[in-house]
Amino acid sequence: MSPRPSVQASRVRAGRPFPLGATWDGLGVNFALYSRHATKVELCLFNERDREVERIVLPEYTDEIWHGYLPDARPGQRYGYRVHGPYAPDAGHRFNPNKLLLDPYARQIVGQLKWAPALFGYTIGHKDKDLSFDKRDSAPFMPRCAVVDPAFTWGRDQPPSVAWEDTVIYEAHVRGLSMLHPSVDERARGTFSALKHDGLLDHLKGLGATALELLPVHAHVDDQHLLQRGLRNYWGYNTLAFFAPEPRFLSTSTVAEFKQMVAAVHAAGLEVILDVVYNHTAEGNELGPTLSFKGIDNASYYRLADDPRYYVNDTGTGNTFDLTNAGALRMVMDSLRYWVQDMHVDGFRFDLATILGREREGFDPSGSFLDAVRQDPVLSQAKLIAEPWDIGPGGYQLGQFPPGWAEWNDKFRDNVRALWRGDGGQLPEFATRIMGSADLFNHKGRRPAASVNFVTAHDGFTLHDLVSYNDKHNEANGEEGRDGSDHNIAWNHGAEGPTDDAGITALRARQMRNLLASLLFSQGTPMLLAGDEFGRTQQGNNNAYCQDNALTWLDWDQAGSEQGALQIAFVRKALKLRRRYPQLRRGRFLDARDGGDGGSVEWLRSDGAAMGEADWNDPEARVLMLKMGGSDVDDGEHRPEHDTLLLVVNAGHAEVRFAVPSPGDRHWRVLLSTTAGQAPVLDEGGGLTLPDRSVALLASRPMRG
């Protein structure tokens with residue numbers, strides 16, 4: 001049984017049921033906690049030495065919300081809850097007042113979880129398992145919530161508000177991006193403060209990125225089994241507090257550090273997108289710990305199985321958050337609005353987003369959460385990106401999210417990888433993917449930008465490893481290589497991993513440029529994985545979720561190497577061309593039969609003739625030309641939108657001469673190619689010869705007399 005703290009006579013008033021959480025109003029703090037099934041709620045106050053000094057019964061219960069007001073409380077006050085109610089796992093209830101619980105609305109978490117048997121609501125090792133009841137106090141092992149002062153002077157902070165068709169996403173991890181960066185002070189490395197440094201921001205801006213997408217920054221838990229192996233949950237997809245920044249990312253004692261980071265990123269002209277995990281929490285299944293939601297109102301926050309002792313596990317992590325419950329839905333919506341309105345972030349990427357749209361009958365594009373977001377005047381204006389799959393029934397929903405959403409397009413990833421690996425029969429789909437995947441997104445007024453195109457992401461091989469390994473090498477994770485996907489569509493080009501063979505090294509470098517060109521010259525929203533611009537490696541590990549070390553931290557020395565610098569220059573030029581030529585980022589779908597939007601599309605064979613049905617159906621076809629017309633409005637001045645672009649692709653195994661279509665009263669010039677050294681030039685016959693596995697982008701501009 002948890003010991004009672006010494007009695008102190010804090011003044012307490014009824015307070016208000018809203019807003020939820022601990023709210024400082026300049027005079028005192030209002031505390032409000034949602035629990036439909038609780039019978040009593042105790043607010044536990046802690047001093048700076050983390051000693052529990054007082055327990056206060058919240059005096060009021062209004063509309064399923066327990067609340068009270070402490071006129072003497074101030075920002076910095078550390079607190080937690082003990083919630084009373086039935087301990088009846090067979091009925092879905094797991095109340096245990098011996099367990100200190102985190103406030104789901106806590107704006108700041110202080111300290112880290114220390115794994116111990118007392119964290120569990122049941123007695124570990126008991127013959128009745130989770131049906132037993134544990135009386136040990138968990139407070140010594142729990143982090144604390146802290147009251148925050150929301151005051152912050154934003155000054156002239158102006159979010160860039162980049163149009164979707166102009167967006168280029170750079171996916172990164174706070175620690176991975178900054179731990180080894182030479183311009184970042186060592187004390188700031190791995191924290192939000194590091195992301196304010198000019199050296200990092202200048203690199204992103206100079207590269208051509210418009211949005212920094214951060215892997216989860218919400219406070220999360222390191223899995224016990226990882227800590228026992230000397231590892232940790234590096235990626236952070238194990239959220240426990242949806243309003244609080246992860247404590248290890250703070251170099252200071254206040255959450256204002258996050259706001260300062262956002263203001264600095266905005267000042268550099270970049271948007272901030274957060275990768276968020278609202279599909280599950282860190283409390284696991286019926287054998288998991290009692291840390292917050294499970295002890296506050298298990299039956300309301302989680303989706304329970306037909307036997308309510310157990311959890312629906314559509315996430316593969318043990319539990320699934322229940323967004324069909326009004327209280328849980330409200331919490332998620334409040335969390336999202338908090339990060340937009342109070343923290344000034346510009347958008348979100350939703351992990352396993354299919355779960356967020358799954359109603360009792362299955363996935364529904366008009367489900368509770370998706371409709372709530374769509375009608376919300378704040379959130380509907382943010383950038384919303386879905387990872388459109390999970391492991392639950394009907395879990396793969398690519399292209400099925402409602403208007404206003406963009407989606408990770410794994411079909412783009414797989415097709416582009418397969419084409420450049422040399423797989424046959426990929427050309428027809430490649431044509432669809434680089435034109436924005438109209439087969440998936442051209443409905444309900446959705447635009448090509450709804451397709452978030454990527455070749456690599458945090459989950460899987462880096463770009464360098466994609467062309468350097470046939471198989472995953474995850475031994476460092478301690479699971480004997482069993483973890484991580486075996487479906488990598490990778491090719492080592494003749495040697496597994498590092499090699500001194502100059503020919504293999506050169507081909508790998510060209511293949512990285514081919515994959516980057518396919519990504520950056522495609523319609524849709526491109527997403528770059530941090531470090532791919534200079535070819536970083538994870539030594540073949542395609543599931544580095546638990547590696548918080550040099551394996552996942554970006555090696556910025558490599559960015560300064562000859563090969564790294566060349567690849568950075570290639571990405572910069574490709575993105576500069578993407579910005580310059582609107583033909584590469586159309587605002588609407590085009591195909592060969594649609595000349596609208598001031599442009600047209602033609603698909604050509606290597607001999608310059610139009611692609612026919614037999615050409616598309618040839619499983620050995622690996623070459624084509626894509627002609628993209630510019631605006632047909634001639635105002636007498638040369639503008640990039642007037643140019644015709646020609647994308648020349650040779651994904652085959654031999655050199656090919658392309659008969660470039662006659663430019664008429666124009667002249668062609670090569671804008672960029674993936675070949676090493678000097679760019680290919682047109683011969684006297686109007687042909688362009690590309691070596692095997694190469695791409696070139698040409699433009700023809702009108703001649704002036």
Side-chain angles (χ1 to χ4, degrees), residues 167-172 203-204 206-211 213 408-410 412-422 426 430 433-434 451-458 460-468 488-491 493 505-537 554 558-559 561-581 584-585 626 645 647-651 670-677 679-680 690-698:
T167 298
V168 178
I169 297 171
Y170 188 90
E171 187 198 36
H203 173 76
L204 299 183
L207 197 64
T210 70
E213 181 178 308
W408 271 26
N409 189 347
D410 65 324
F412 179 97
R413 175 198 65 194
D414 291 354
N415 170 254
V416 169
R417 288 184 178 192
L419 178 81
W420 290 110
R421 187 172 67 172
Q426 300 298 316
F430 179 70
R433 299 294 158 241
I434 66 173
S451 176
V452 175
N453 300 328
F454 65 103
V455 175
T456 56
H458 68 274
F461 279 145
T462 66
L463 185 64
H464 171 277
D465 292 356
L466 183 66
V467 300
S468 303
N488 297 299
I489 318 180
W491 179 29
H493 294 84
T505 301
L507 180 55
R508 287 175 177 176
R510 187 160 76 248
Q511 286 282 62
M512 283 193 282
R513 293 192 294 271
N514 290 332
L515 291 160
L516 287 165
S518 300
L519 173 67
L520 302 179
F521 293 154
S522 290
Q523 306 295 325
T525 302
M527 184 184 79
L528 282 166
L529 173 63
D532 275 357
E533 70 271 24
F534 55 80
R536 79 175 179 100
T537 179
L554 271 63
Q558 188 180 358
S561 68
E562 180 181 2
Q563 182 56 46
L566 286 172
Q567 191 148 307
I568 289 173
F570 179 86
V571 174
R572 284 176 175 168
K573 188 169 184 180
L575 284 174
K576 184 177 181 180
L577 292 171
R578 184 179 178 89
R579 292 192 302 273
R580 178 174 175 81
Y581 291 97
L584 296 173
R585 45 182 175 83
L626 167 60
L645 298 186
L647 185 66
V648 184
V649 176
N650 177 12
V670 177
L671 300 175
L672 186 66
S673 75
T674 62
T675 56
L690 282 184
D692 63 298
R693 302 181 181 90
S694 300
V695 175
L697 181 68
L698 287 69

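In this chain, numbering begins with 1 at the start of the sequence shown.
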Counting C-beta onward and ignoring hydrogens, is there a side-chain heavy-atom pair between V695 and V648 closer than 4.5 Å?
no
Please answer whether the main-chain N or O of T525 pairs with a side-chain N or O of R585 as donor and acceptor at a distance below 3.5 Å.
no
What distance do L577 atom CG and R572 atom CZ have between them, rounded to the nearest 0.5 Å?
14.5 Å
Could you go through I169 and F454, starting from their C-alpha distance and side-chain angles, then the distance that decides it, and tell me whether this counts as side-chain contact (heavy atoms from CB on, under 4.5 Å)?
CA-CA 10 Å; I169 297 171; F454 65 103; over 6 Å; no
So, applying side chain to side chain donor-acceptor pair (under 3.5 Å) with H493, which one of R510, Q511, R508 is it?
Q511
Backbone of H458 reached by a side-chain donor or acceptor of E171 within 3.5 Å:
yes
Set of side chain to side chain donor-acceptor pair (under 3.5 Å) partners for R421, sequence neighbours left out:
D423
Main-chain N/O of F412 paired with N409 side-chain donor or acceptor, under 3.5 Å:
yes
Check: D532 side chain, L463 main-chain N or O, donor-acceptor pair, under 3.5 Å
yes
Separation of L529 CG from E213 CD (nearest 0.5 Å):
10.5 Å
Taking C-beta and beyond as the side chain, do V416 and L515 meet within less than 4.5 Å on heavy atoms?
yes
So CD1 of I568 and OG of S561: to nearest 0.5 Å the spacing works out to 8.0 Å
Heavy-atom side-chain contact between L519 and L528 under 4.5 Å
yes
Heavy-atom pair of closest approach, residues V168 and G208:
CB-O, 3.8 Å
If I take atom CG from residue L520 and atom CG from residue L584, how far apart are they, to the nearest 0.5 angstrom?
10.0 Å
Decide side-chain contact (heavy atoms from CB on, under 4.5 Å) for T210 and Y170; before the verdict, give the C-alpha distance in whole Å, the side-chain angles of both, and the deciding distance to 0.1 Å.
CA-CA 8 Å; T210 70; Y170 188 90; over 6 Å; no
Taking side chain as C-beta onward, heavy atoms only, is L647 less than 4.5 Å from F521?
yes
Is L554 close to F534 at the side-chain level, that is, under 4.5 Å between some pair of heavy atoms?
yes
Strictly distance-based, threshold 3.5 Å: is any side-chain N or O of N650 a donor or acceptor partner for the main-chain N or O of P691?
yes
Any donor-acceptor pair under 3.5 Å from R417 side chain to V455 backbone
yes
What's the spacing between M512 CE and D465 CG if we round to 0.5 Å?
9.5 Å
So do S451 and R433 actually touch side chain to side chain, heavy atoms under 4.5 Å?
no
If only side-chain N and O atoms count, and only distance matters, is there a donor-acceptor pair under 3.5 Å linking T674 with N514?
yes
Test your reading of the model: is there a side-chain donor-acceptor pair from R693 to the backbone of W420, 3.5 Å cut-off?
no
Got a second to check how far N453's CG is from S518's OG, nearest 0.5 Å?
10.5 Å
Minimum heavy-atom separation for M527 to T456, with atom names?
CE-O, 4.0 Å
Checking the side chain of K573 only, and the main-chain atoms of L671 only, is there a donor and an acceptor separated by less than 3.5 Å?
yes
